[in-house]
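A, B, ... follow the sequence lines: proteins, then strands. Residue 1 opens every chain. No experiment lies behind these values; they were computed from the predicted model shown.
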2 protein chains.
Amino acid sequence: MNIGQAAKASGISGKMIRYYESIGLIASAKRTESGYRIFSEKDVHALRFISRARGLGFSVEQMGNLLALWQDRHRASADVKAVAQAHIEELDLKIKKLQDMRQTLEHLVDHCQGDKRPDCPILSGLAAESVAESVELDVETS
Amino acid sequence: MNIGQAAKASGISGKMIRYYESIGLIASAKRTESGYRIFSEKDVHALRFISRARGLGFSVEQMGNLLALWQDRHRASADVKAVAQAHIEELDLKIKKLQDMRQTLEHLVDHCQGDKRPDCPILSGLAAESVAESVELDVETS
DNA sequence: GTAAAGCTTCCCACTATTGTAAGGTCAAGC
DNA sequence: GCTTGACCTTACAATAGTGGGAAGCTTTAC
C-alpha cells in the first residue's frame, strides 16, 4: 500500500505520516526499490490508533506511551488507565481555564450596550487595573 | 522607563514586548542615544491592556483590533461587543471540543479495571473501528 | 511515448513564547 | 578611572503540529 492509500485508510495525511515517522512515533516504513514507502494492514491499524488518540487530544508524546502499551501484550491495564486519567485531568484544566475566560468576557459583554456610542465596559474592563475593578464600578453605577 | 521596568509594571516579559513591537502590535518605542527603549506610562497602560486581553484568550490579531478600537475615541461600542462575542463563540467551540474528548475518554476509563491484567477497554477503544464500537461491545458484555 | 497522478526530500510558514549567545551600556563601589 | 554585575541590544533556534510548495523521480493510464 502506498502512503496515499494508507492516508485515506487511516485518516492521517501523508504529510503527517512522514512526520510521525521522522520523529520516531512510528517505525520507518519499508521501501520499494525506487524508494516508495510500503504500508501493511498492521501499519494502517497503528495509524488509525494514532488518529483516534489524536482525536481525544493526546499529545504526540502521550501517544508514544499509549502505542508502547498497546504493543506490549503484558502491560497492566492500570498503566493505561493512569495515562488516560492524567490526560483527563489535563483536559479538565484546559476546560476550566477556558470557562473562566468565557465567564469574565461574558460578564463584560453583558454590561456593554452595543450601540453607536463609544462608551464600552469591555474596553474599560481591559484597561482597568483589574478586570473585576471595572465590573464592580459598573455594578455600582448601574 | 526601561524595558525591564515596563515588563514588571505590565506583566508582559521584555521578550514579548520586543516581539509585539516587531510584529507591529504596538508602536516602536523611542530610544535613548545608546539604543535603549524608553517606555512612558501610556505605553505601559497599553501593555497592561494587552496583558488582560491575552488573559482572556484573545489572539494577537484580535488584540490588534481591540487596541485600534480602544484608541479610537469615536468607536461604536457595538463594534467592540461584536469582537468580544465572536471570541466567546470561539471559546464555546473549544470548550465543547474538549468536553467531548473528556466524555469519550471518561467513558473508556470507567470501563477499565485498572489492575495488573493486560485487558484494557481504553486500548481496545482506540484500536476499534470506531471508539463507539468498542464501548458498545463493552456495554453488551457487561 | 507522453501526460497525469503520485511519490520522494527539503524548506518555509504559522502562533506565541522561551532560551541562548555575543556584545554594548549603565550604575555602584573602590 | 576601572572593574563588576545587572541590564540592554540584536539575532537565531526551538517548541508542537500541521499545511503548503518546489524540484525531481516513478508509476500508471491511454
| note | note: B/E33, atom CD; C/dT25, atom C1'; distance rounded to Å ~ 13 Å
| B/M16 side-chain proximity, nearest of C/dT17, D/dT10, D/dG17 | C/dT17
| note | Of C/dT9, C/dT17, D/dT27, the nucleotide closest to the side chain of A/S34 is D/dT27
| query | Which heavy atom of A/L69 sits nearest a heavy atom of A/R75, and at what distance? | reply | O-CD, 3.0 Å
| message | Check the phosphate of D/dG17 against A/Y20, side-chain N and O only, distance under 4.0 Å to OP1 or OP2. Yes or no? | response | no
| task | Rounded to the nearest angstrom, tell me the gap between atom CD1 in A/I3 and atom P in C/dC7. | result | 7 Å
| query | Counting just side-chain N and O atoms, does B/S13 come under 4.0 Å of either OP1 or OP2 of C/dT17? | reply | no
| said: With a 4.0 Å cutoff (strictly under), does any side-chain N or O of B/R31 reach OP1 or OP2 of D/dT10? | reply: yes
| task | Return the value, rounded to whole Å, for the distance between atom CD1 of B/I23 and atom P of C/dA13. | result | 16 Å
| task | Classify the nucleic acid contact of B/R37 as base, sugar-phosphate or nothing, counting any heavy atom under 4.0 Å across all strands shown. | result | sugar-phosphate
| task | Return no unless some side-chain N or O of B/R18 is found under 4.0 Å from OP1 or OP2 of D/dC8. | result | no
| remark: When rounded to whole Å, the NZ to C1' distance for the pair A/K8 and C/dC7 reads 15 Å
| field | Base D/dG17 paired with A/K15 side chain (donor-acceptor, <3.5 Å) | value | no
| task | On the 0 to 90° scale, with breaks at 30° and 60°, tag the B/W70-B/H45 ring pair as parallel, tilted or perpendicular. | result | perpendicular
| query | So what does B/T32 touch, heavy atoms closer than 4.0 Å: a base, only the sugar-phosphate, or nothing? | reply | nothing
| field | Donor-acceptor pair (no angle test) under 3.5 Å: B/Y36 side chain, C/dG24 base | value | yes
| field | Nearest-angstrom distance from the residue atom CZ of A/F39 to P of C/dC7 | value | 10 Å
| field | Length of the line joining B/E21:CD and D/dT10:C1', which is rounded to integer Å | value | 12 Å
| A/Q71, CD atom: more than 12 neighbouring heavy atoms under 6.0 Å | yes
| field | Test item: B/R31 and B/R37 side chains (from C-beta on) under 4.5 Å apart, heavy atoms | value | yes
| task | Indicate yes or no for a side-chain donor-acceptor contact from A/N2 to the backbone of A/G4 under 3.5 Å, with no hydrogens or angles considered. | result | no
| B/L25 CG to C/dT15 P, straight-line distance once rounded to whole Å | 12 Å
| task | Round to the nearest Å and state the distance from B/Y19 atom OH to C/dG19 atom C1'. | result | 16 Å
